[in-house]
Amino acid sequence: MMTHSDKYSQLIACVFLVVCFGGDADGKIFERCEFATELLKRGVPQSQLGDWVCLAAHQSGFNTGVIRGPWERDGSREWGIFVLSDNYWCNSTNSEPTGQKQYNICEQNCINFTDDDITDDLECARSIFNMHGFHAWFAWKQYCMNKDVTPYVVGCQDCQCTCASAPPNNRLSEV
């Protein structure tokens, strides 16, 4: 039989997991081709589409509501579908002071990156890309760099992709 203390410990652990690994109140989880289509509508070049879709697949699982952290090394949090750090790219007025300067290069409140509209997320991510390329994202370096990223857009006819057949599942668990 569980004691009151055990139940309390489990509750604290559950709250911790929700806070650290996915506050998702207003977010949306995109399907792979739906996300690719949204990127094209917002001006992402076809030649970069596979890289952007690969990046989002591995950064957030296409989930706009992701909030990760705070990380022990610096107290930062990461926000949205591209998992953008509040130490550099956005202002998280709701977070604990980190002792680090928050640069807010994208001039956005981080919470804006957790809704279902990816316009501001992509604008910020493209600013990062223009400064650093895809190398700014660890997930891209690990999963997408020097790899064939065409499987990430295979079968997305609505996004004018030229590939003929789709992978077995739309969430890319096997890519």
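Below, all heavy atoms of this structure are taken into account, side chains as well, without hydrogens, waters or symmetry copies.
- Between C90 and C106 the SG-SG gap reaches or exceeds 2.5 angstrom.
- For the pair V83 and E78, the tightest heavy-atom approach, listed with the atom from each and the gap, is CG1-CB, 3.1 Å.
- Linking ILVMFWY residues whenever their side-chain heavy atoms come closer than 4.5 Å, directly or via other members, leaves F138 and W71 in distinct clusters.
- Side-chain contact between E31 and F62: absent, with no pair of heavy atoms (C-beta onward) separated by less than 4.5 Å.
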Practice item. Give the intermediate values and the outcome of side-chain contact (heavy atoms from CB on, under 4.5 Å) for residues Q46 and L40. Key: CA-CA 7 Å; Q46 183 82 30; L40 285 174; 3.8 Å; yes
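- If you take CH2 on W79 and CG on N91, they are separated by 9.5 Å, rounding to the nearest 0.5 Å.
- Y152 pairs in a side-chain contact (heavy atoms from CB on, under 4.5 Å) with only one of the listed residues (L55, V53, D51), which is V53.
- The two residues P70 and R77 come nearest to each other via the heavy atoms CD-NH2, 3.7 Å.
- Atom CG in L84 sits 12.0 Å away from atom OG in S92 (nearest 0.5 Å).
- Once rounded to the nearest 0.5 Å, the distance linking NZ of K41 with OG1 of T119 reads 10.0 Å.
- Taking the six-membered ring where the residue is Trp, W89 and H132 present perpendicular rings, their angle passing 60° and hence far from 30°.
- Between I105 and M131 the shortest side-chain heavy-atom distance falls below 4.5 Å.
- In summary, the side chains of D148 and T150 do present a donor paired with an acceptor at a separation below 3.5 Å, with no hydrogens or angles considered.
- I128 has its side chain out of reach of Y88: every pair of non-hydrogen atoms, C-beta onward, lies at least 4.5 Å apart.
- Rounding to the nearest 0.5 angstrom, the gap separating the CG atom in N87 from the CG atom in N104 is 11.5 Å.
- One N or O on the side chain of S127 and one on the backbone of E123 form a donor-acceptor pair closer than 3.5 Å.
- If you take CG on D117 and CG on N112, they are separated by 9.5 Å, rounding to the nearest 0.5 Å.
- Although no hydrogens or angles enter the test, the distance criterion places no donor-acceptor pair under 3.5 Å between the side chain of S76 and the main chain of D86.
- Across every non-hydrogen atom of S60 and G80, the tightest pair is CB-O, 4.0 Å.
- Within the 4.5 Å cutoff, side-chain heavy atoms of I118 are placed close to those of L39.
- Taking both residues in full, the closest heavy atoms of P45 and R126 are given as CD-NH2, 4.0 Å, listed atom of the first, atom of the second, then distance.
- Side chains of C144 and F134 form no contact here, defined as non-hydrogen atoms less than 4.5 Å apart.
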Exercise for review: Might you work through the salt bridge (charged side-chain N to carboxylate O under 4.0 Å, His left out) test for R42 and D121, ending with a clear yes or no?
Suggested key: CA-CA 11 Å; R42 288 165 175 81; D121 311 50; over 6 Å; no
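- Remark: F35 CZ to L49 CG distance equals 8.5 Å, nearest 0.5 Å.
- You'll find the side chain of M145 reaches within 4.5 Å of the side chain of H135, heavy atoms only.
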Review point. So E38 and K28, salt bridge (charged side-chain N to carboxylate O under 4.0 Å, His left out) or not? Walk me through it.
Key: CA-CA 13 Å; E38 290 299 314; K28 171 182 177 139; over 6 Å; no
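- Considering all non-hydrogen atoms of both residues, R32 and C156 come closest at NH1-SG, 3.3 Å.
- No option in F82, F113, F30 other than F30 meets the side-chain contact (heavy atoms from CB on, under 4.5 Å) test with T64.
- Residues Q48 and F129 are in side-chain contact: their nearest non-hydrogen atoms beyond the backbone lie under 4.5 Å apart.
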